[in-house]
Amino acid sequence: MRSIVVLLAMLLAAPAALAAELRDLRLWESPDSTRVVFDLTVDAQHKVFTLANPDRIVIDIAGLDSTALQRINRVAGKGLVRRVRSGIQDGGIRVVLDVAEPVDPKSFVLTPNDEYGYRLVLDLPGRARPAPAPEQPVIVAAPAAVPTPVMAIPPTPAAPVLRLQDKPVVIAIDAGHGGEDPGARGKSGLEEKEVALAIARKLAKAINAEPGMKAVLTRDGDYYLKLRDRVNIARKHQADLFVSVHANAFHSRDMHGTAVYVLSDKGATNEHARWLARKENEADLVGGVEIHGKDKELAAVLIDLSQNATMEASFDVGQRILRSMGRVNKLQKSDVQQAGFMVLKAPDIPSVLVETAFITNDREEALLADEEYRDTLARSILDGIKGYFVSYRPQQQVVETDPQQISLK
């Protein structure tokens, strides 16, 4: 019995004795923040603090040896981080980030998943600002003569005239995943985040070329964006439609075809839809959002979408997109599917999620890597969108003044 207890104690103590190894150091820049990610083999103890004059962030990581220095010092600055340097610290490594301005870093550790081991993540809020331009000399001009004002009789206010007119159609295009969250990965190494952004950009360009239509990209670079923030961007721009672009994945490489999803408020349509929704929604963990103990925060995201008008509109545009895409790729399902995607939970914006093709299928992965096929997919999505807005053109109320009612008396 004593030997079993000793063996258990040794097993429990073993992880603490393992030395930490730095596998990679990555910097990601987004419009509103910079993310620093240390890819580690174990959950190493760390300490983060800031220093001023000059502004810098110090990260002490216990257990790292000097072999990490060369890798760290090769990393170039990005975003708020002007320079990365490191040195040996008692019992580990000290990393110093020279930053462009005072910043309050938020650090957290992500546990291993299918793609990475332990990750120490620092989020640095703020925009990178360019160096200030040199001051220009101020030229003082002589004051000009001020003319004597001519008193005029103001016209009688005209009665307002209200009418409706077509408003420009605003479409929010959401490229799934990004940054530290690559999404699914194909056999050749093609990543979903790359495919989604490439197709989203092509779709946005095609939309902007259409009269009376405007595209808004939720992300236009390789950085992570929380699911809730993607919806907020669409609402900020008063979008008439939200289209989230993804590449599908499944553990079976035989699975293939295009699919379109809308929100289900009563559960997913089938087992694959449930599996897929779970995988997509868990991506917010990569953004540092901890699920446990955050019921109130999640409650704000999980909005009730029982409004019939929004759901019916989502089904309508989803079916049109699905039919259009069926002309360029086989369909996984001939009907619009339903699943509990957080990114579709805007109560006031019709929303669809397009799974363009299976990146885990060898044939479709090759298609997703092809620029011309990406163009074809983007164009087929646009055709479905245009068909919807031909029938349901959004309108806005315009207040005008009738010039015949203006009096100069």
Side-chain angles (χ1 to χ4, degrees), residues 30-32 167-179 181-184 191-248 258-263 280 283 310 313-314 316-322 324-325 328-329 336 341-346 348-357 359 368 371 373-389 392-394:
S30 74
D32 298 310
K167 72 179 285 290
V169 175
V170 179
I171 301 165
I173 317 267
D174 173 54
H177 306 279
D181 171 29
E191 293 181 334
E192 181 182 1
K193 66 174 182 176
E194 173 197 340
V195 172
L197 182 58
I199 296 174
R201 284 172 169 168
K202 290 178 182 295
L203 177 57
K205 183 178 179 180
I207 288 172
N208 288 329
E210 293 288 331
M213 299 184 78
K214 175 188 174 184
V216 174
L217 285 167
T218 60
R219 74 172 176 97
D220 194 14
D222 188 13
Y223 51 86
Y224 185 79
L225 198 61
K226 293 179 182 177
L227 301 177
R228 181 170 51 186
D229 290 342
R230 298 169 189 259
V231 177
N232 289 340
I233 290 171
R235 186 172 290 112
K236 175 184 175 183
H237 290 274
Q238 298 182 329
D240 301 293
L241 176 65
F242 181 92
V243 180
S244 191
V245 180
H246 290 255
N248 217 332
T258 295
V260 174
Y261 287 83
V262 299
L263 180 67
E280 298 292 357
T310 301
S314 299
D316 191 329
V317 68
Q319 194 64 49
R320 293 171 191 262
I321 292 173
L322 190 65
S324 179
M325 297 188 74
V328 301
N329 191 35
V336 173
F341 293 111
M342 291 184 189
V343 78
L344 298 179
K345 296 190 175 185
D348 50 348
I349 307 174
S351 304
V352 297
L353 187 145
V354 178
E355 295 286 2
T356 52
I359 200 169
L368 290 173
E371 285 295 324
Y373 191 72
R374 291 174 178 179
D375 277 321
T376 302
L377 287 173
R379 180 60 60 181
S380 68
I381 297 172
L382 175 59
D383 288 344
I385 292 172
K386 287 170 61 178
Y388 172 78
F389 283 110
Y392 303 99
R393 182 78 183 196

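Residue numbers start at 1 and run along the sequence shown.
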Distance in Å, [X] [atom1] paired with [Y] [atom2], rounded so as to fall on 0.5 Å steps:
X    : Y    : atom1 : atom2 : answer
L203 : N208 : CG    : CG    : 9.5 Å
K205 : I173 : NZ    : CD1   : 14.5 Å
I349 : L344 : CD1   : CG    : 11.0 Å
D220 : R201 : CG    : CZ    : 4.5 Å
E210 : I385 : CD    : CD1   : 10.0 Å
L263 : L353 : CG    : CG    : 10.5 Å

Restricting to non-hydrogen atoms, name the atom on [X] and the atom on [Y] that form the minimum distance, rounded to 0.1 Å.
X    : Y    : value
V231 : V343 : CG2-O, 3.4 Å
E355 : Y261 : CG-CE1, 3.8 Å
A247 : L368 : CB-CD1, 4.0 Å
T356 : H246 : OG1-O, 2.9 Å
K202 : A378 : CB-CB, 3.8 Å
I321 : I381 : CG1-O, 4.0 Å

Checklist outcome for this item: Of V260, D316, V336, the one forming a side-chain contact (heavy atoms from CB on, under 4.5 Å) with V352 is V260
Checklist entry - Can we say D181 and K193 salt-bridge, meaning some charged N sits less than 4.0 Å from an Asp/Glu carboxylate O? => result no
Checklist entry - With the threshold set at 4.0 Å, does a side-chain nitrogen-carboxylate oxygen contact exist between R379 and D383? => result no
Test item: [X] side-chain N/O and [Y] main-chain N/O as donor-acceptor pair under 3.5 Å:
X    : Y    : value
Y373 : V328 : yes
R219 : A175 : yes
S324 : S380 : yes
S314 : S351 : yes
T258 : A357 : no
D222 : G178 : no

Item to check | Verdict with reasoning, R228 to N232, per side chain to side chain contact (heavy atoms under 4.5 Å, CB included) | outcome: CA-CA 6 Å; R228 181 170 51 186; N232 289 340; 3.8 Å; yes
Checklist entry - Is any side-chain heavy atom of V195 less than 4.5 Å from a side-chain heavy atom of R374? => result yes
Next on the checklist: Any non-hydrogen side-chain atom of L227 less than 4.5 Å from a side-chain atom of F341?
Outcome noted: no
Next on the checklist: Using the rule given for side chain to side chain contact (heavy atoms under 4.5 Å, CB included), can you reason through I233 versus L225, listing the C-alpha separation, both sets of side-chain angles and the distance that settles it, and then say yes or no?
Outcome noted: CA-CA 10 Å; I233 290 171; L225 198 61; 3.8 Å; yes
